[in-house]
Every structure is written in structure tokens, then in C-alpha cells.
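Input: a single structure, listed below in C-alpha cells.
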Amino acid sequence: MTKRVHVNVDGRDLTLSNLEKVLYPDTGFTKAEVIDYYSRIAPVLLPHLAGRPLTVKRFPNGVAGGSFFEKNVPDHAPGWVRRATIAVPGSTKDRETIDFALVDDLSTLVYYANLAAIELHLPMWRVDLAGAPLAPDTLVFDLDPGAPATIVDCCRVAGLLRDLLRDEGLDPLPKTSGRKGMQLYVPLKGSGIADTSAFAKAIARHLQALHPDRVTSVMAKKERPGKVFIDWSQNNPAKTTVAPYSLRANSAPTVSTPLRWDEAGGCDDPRAMMFTAADVLDRVARHGDLFAAVADA
């Protein structure tokens with residue numbers, strides 16, 4: 001029999017189930033611990049989720065089992081889950097629209113954590129109060145190392161990107177992907193950049209021209225070995241990137257973690273760039289939200 005626990009989160013009733021289920025078999029990390037992590041990280045995570053249509057990656061049988069992406073709010077979701085109905089032309093599932101969740105509060109975050117929605121993915125744009133999409137407020141560069149390159153090489157390339165972007169009057173912020181790579185986020189408030197995809201592509205191509213032995217902006221796999229691929233295409237409004245502070249489906253409960261620039265610049269060991277849920281809670285207690293400028297974008 002499935003064990004259920006009834007809780008009240010910010011005045012809303014929720015039923016949590018299978019809290020003892022192990023979602024990370026290698027470490028014994030349970031669903032209860034996933035819910036606990038998201039509840040405790042909520043003060044810094046929620047400002048990043050607010051107003052952004054949510055895509056989740058669910059792992060009902062844990063990270064070693066099957067998974068699926070979910071964009072539509074589940075039919076059984078409580079009525080208080082805020083929704084935004086957004087047109088999705090060219091959807092692979094022949095949908096005209098998708099009812100996305102907008103996770104603006106702790107109760108909605110806990111609801112999704114209880115669904116074993118381990119990974120949270122977001123676009124670089126928000127919706128307005130009526131649910132209509134706004135222009136992108138953030139630029140992202142996704143840095144993916146081609147073996148034998150590692151996240152250490154990504155950190156070096158991130159520093160080169162930072163210098164180019166600062167020359168453009170922009171102030172980028174680094175975070176790990178929670179896996180092998182990292183991302184650079186650029187708050188766009190007051191930048192005047194209208195076409196973020198074209199701008200990101202131009203920057204990536206320019207850096208490739210300056211450092212062809214270390215950087216590629218080409219999607220083809222054959223171009224990547226030993227280099228860092230700068231994926232500028234994540235700025236397409238239809239695409240998403242893993243959210244700051246989201247758990248990842250690795251063998252351990254690693255997290256996509258905001259970094260200080262001195263950490264990125266001084267990185268010389270890939271293991272030093274892997275942070276678990278416990279590590280990140282400790283980091284936030286010490287440093288606050290290193291991505292606060294992105295949340296304010």
C-alpha cells in the first residue's frame with residue numbers, strides 16, 4: 001500500500017506519497033530528501049522560477065529508471081497551480097497550445113517535487129500578468145566540453161566570453177550545469193539587445209575565430225573533441241535551460257550551481273565543480289544568491 005502524508009504548505013493542502021522511495025540509488029537519496037531540498041532552497045530558487053513557463057523532467061522510478069519531459073500541467077494538478085496557456089506552433093505532439101505551470105510559490109514547488117520532477121528547465125523569457133510571453137530578459141551561453149576537455153576548459157572559455165561581453169557593457173554570471181558543463185547567464189535589463197539569438201551567435205562565432213583550437217560554435221559532433229562547444233542556440237524562445245539550483249539526474253544529487261568568478265577562474269579540478277544538494281544549501285547560507293542579478297532581470 002502506498003503511504004500518503006497530508007501536509008499544509010502555505011495554507012494549501014497537499015498529499016505527499018512514497019516519501020521513502022529512493023530516487024538516487026547510488027547514494028540512497030529519497031523522494032523525501034528531494035522535497036526537503038526544494039523546500040529549503042525555495043527562497044533563492046523561486047525568484048528564478050517566477051513568471052517563467054516550467055518544463056520538468058520527471059523520474060518516477062528514480063534516476064536509474066525511465067524519465068520523461070512534461071510541459072503541460074497534469075490533469076490532476078490542484079486548481080491553485082498558476083497556468084499560462086501559450087501557443088506552440090510546430091509542436092512535435094501536434095498541439096496548438098500548452099498549459100504551462102508558473103511556479104511562483106512554495107506549495108507549487110512542493111507539488112512538483114512530489115511528482116519526482118527532479119529537473120526544472122526554463123526559457124530565457126517570462127510572461128506578463130495575463131500570461132502573454134514577454135521579450136527575453138536573459139541571454140545564455142551553454143558551454144559543453146568535448147572529451148578530453150572538461151569543465152575546467154569550460155571555465156577558461158567562460159572567462160574569455162566574460163571579457164568579450166564586458167566589452168559590450170554586459171555583466172555575465174557563471175553556473176555549473178550540474179553535469180559536465182556550465183552556462184553563462186547575461187541579464188539584459190537596459191542592454192538594448194533585441195535579437196538575443198543573433199547576438200549570442202555573433203559572440204560565439206567571434207570567440208571561435210579568436211581561439212579555434214579551444215572553441216567551436218558548430219553543432220556537429222566531429223568539431224567538438226578537445227574543444228568547448230558554445231551552444232548559442234539555447235536563446236531560441238522555444239528552448240529551455242536547466243534552472244539555477246535545479247537538481248540533476250546524476251548518480252548523486254548534484255545541482256546546477258551559481259559560481260563566483262574567482263571560483264571559475266581558479267578551477268583546476270573537475271571534481272571541485274560538482275556540488276550536491278547539501279553543498280548548495282551550505283553555499284547559499286554563506287553567499288546568498290550569486291544569481292540575484294538574473295532573478296532581477
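In terms of heavy atoms, Phe275 sits closest to Thr176 at CE1-CG2, 4.1 Å. Between Ala84 and Leu102, the shortest heavy-atom contact is CB-CD1, 3.9 Å. Shortest non-hydrogen contact noted between Gly79 and Arg83 is O-NH1, 3.6 Å. The heavy-atom pair separating Leu247 from Ala277 by the smallest distance is CD2-CB, 4.1 Å. Pairing each heavy atom of Pro53 with each of Leu122, the nearest pair is O-CD2, 4.1 Å. The minimum heavy-atom distance linking Leu115 with Pro74 is given by the pair CD1-CG, 4.1 Å.
In this structure, CG in Leu54 is found 10.0 Å from OG1 in Thr108, a value given to the nearest 0.5 Å. In this structure, CG on Leu281 lies 4.5 Å from CD1 on Ile41, to the nearest 0.5 angstrom. Going from atom CZ of Arg4 over to atom CG of Leu19 covers 10.5 Å, rounded to the nearest 0.5 Å. Separation of atoms NZ (Lys227) and NE2 (His211) is listed at 13.0 Å; rounding is to 0.5 Å. The distance from the NZ atom of Lys175 to the CG atom of Leu143 is 10.5 Å, given to the nearest 0.5 Å. Atoms CG and CH2, on Leu207 and Trp232 in that order, are 15.0 Å from each other to the nearest 0.5 Å.
Asn236 and Ser233 are not linked by any side-chain donor-acceptor pair at a separation below 3.5 angstrom, with hydrogens and angles left out of the test. Using a 3.5 Å distance cut-off with no hydrogens or angles, the side chains of Arg248 and Thr254 do not pair a donor with an acceptor. A donor-acceptor contact closer than 3.5 angstrom links the side chains of Gln208 and Ser217. Side-chain polar atoms of Thr276 and Asp279 form a donor-acceptor pair below 3.5 angstrom.
Between the Arg283 side chain and the Pro258 main chain, a donor and an acceptor come within less than 3.5 Å of each other. A donor-acceptor pair is defined here as one N or O able to donate and one able to accept, closer than 3.5 Å; no such pair exists between the side chain of Glu223 and the backbone of Ala220. The closest donor-acceptor contact from the side chain of Lys57 to the backbone of Ser67 lies at 3.5 Å or more, if one exists at all. Although no hydrogens or angles enter the test, the distance criterion places no donor-acceptor pair under 3.5 Å between the side chain of Asp153 and the main chain of Arg214. Not one N or O on the side chain of Thr138 forms a donor-acceptor pair closer than 3.5 Å with the backbone of Val186. Formation of a donor-acceptor pair under 3.5 Å by the Ser246 side chain with backbone atoms of Ala243 is not found in this model. Side chain of Glu119 to backbone of Ala249: a donor-acceptor contact under 3.5 angstrom is found. The main-chain N or O of Thr240 is found under 3.5 Å from a side-chain atom of Gln234 such that the two form a donor-acceptor pair. Using a distance-only test at 3.5 Å, with no hydrogens or angles considered, a donor-acceptor pair links the side chain of Asn114 to the main chain of Ser17. Between the side chain of Asn72 and the backbone N or O of Asp99 there is at least one donor-acceptor pair closer than 3.5 Å.
Taking 4.5 Å as the limit, some side-chain heavy atom of Leu120 sits within range of a side-chain heavy atom of Leu109.
Under a cut-off of 6.0 angstrom, the local environment of CZ in Arg271 is sparse, with at most 12 non-hydrogen atoms contributed by other residues, nucleotides or ligands. Atom CZ of Arg40 is surrounded by 12 or fewer heavy atoms from other residues, nucleotides or ligands within 6.0 Å.
The aromatic rings of Tyr185 and Phe291 sit tilted, their planes meeting at an angle between 30° and 60°. Ring geometry for Phe69 versus His121: interplanar angle over 60°, hence perpendicular rather than tilted (30 to 60°).
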Any chance you could lay out the side chain to side chain contact (heavy atoms under 4.5 Å, CB included) test for Cys154 and Ile151, step after step, and finish with the verdict?
CA-CA 5 Å; Cys154 290; Ile151 194 171; 4.3 Å; yes

Mind running side chain to side chain contact (heavy atoms under 4.5 Å, CB included) on Tyr24 and Phe59 for me, showing each step along the way?
CA-CA 10 Å; Tyr24 289 83; Phe59 295 80; over 6 Å; no

I would like to know whether Lys201 and Asp195 meet salt bridge (charged side-chain N to carboxylate O under 4.0 Å, His left out); could you show each step before the answer?
CA-CA 10 Å; Lys201 180 179 180 180; Asp195 190 336; over 6 Å; no

Hey, mind stepping through Val242 and Arg179 against side chain to side chain contact (heavy atoms under 4.5 Å, CB included) and telling me if it holds?
CA-CA 11 Å; Val242 65; Arg179 288 186 171 168; over 6 Å; no

Step by step, work out the side chain to side chain contact (heavy atoms under 4.5 Å, CB included) result for Phe229 and Thr216.
CA-CA 5 Å; Phe229 170 49; Thr216 181; 4.0 Å; yes

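In this structure, Arg126 pairs ionically with Asp137, as a charged nitrogen and a carboxylate oxygen lie closer than 4.0 Å. A salt bridge links Lys180 with Asp144; the closest basic N to acidic carboxylate O contact falls under 4.0 Å.
The same ILVMFWY cluster, assembled from side-chain heavy atoms under 4.5 Å apart, contains both Val81 and Val103.
Of the options Ser256, Ser177, Pro174, a side chain to side chain contact (heavy atoms under 4.5 Å, CB included) to Met182 is made by Pro174 and by none of the others. When the options Val22, Val34, Leu23 are evaluated for a side chain to side chain contact (heavy atoms under 4.5 Å, CB included) with Phe29, the one that passes is Val34.
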Table please: side-chain donor-acceptor pairs of residues 156-168 below 3.5 Å, with sequence neighbours left out.
| residue | atom | partner | partner atom | Å |
| --- | --- | --- | --- | --- |
| Arg156 | NH1 | Cys267 | O | 3.0 |
| Arg156 | NH2 | Cys267 | O | 2.6 |

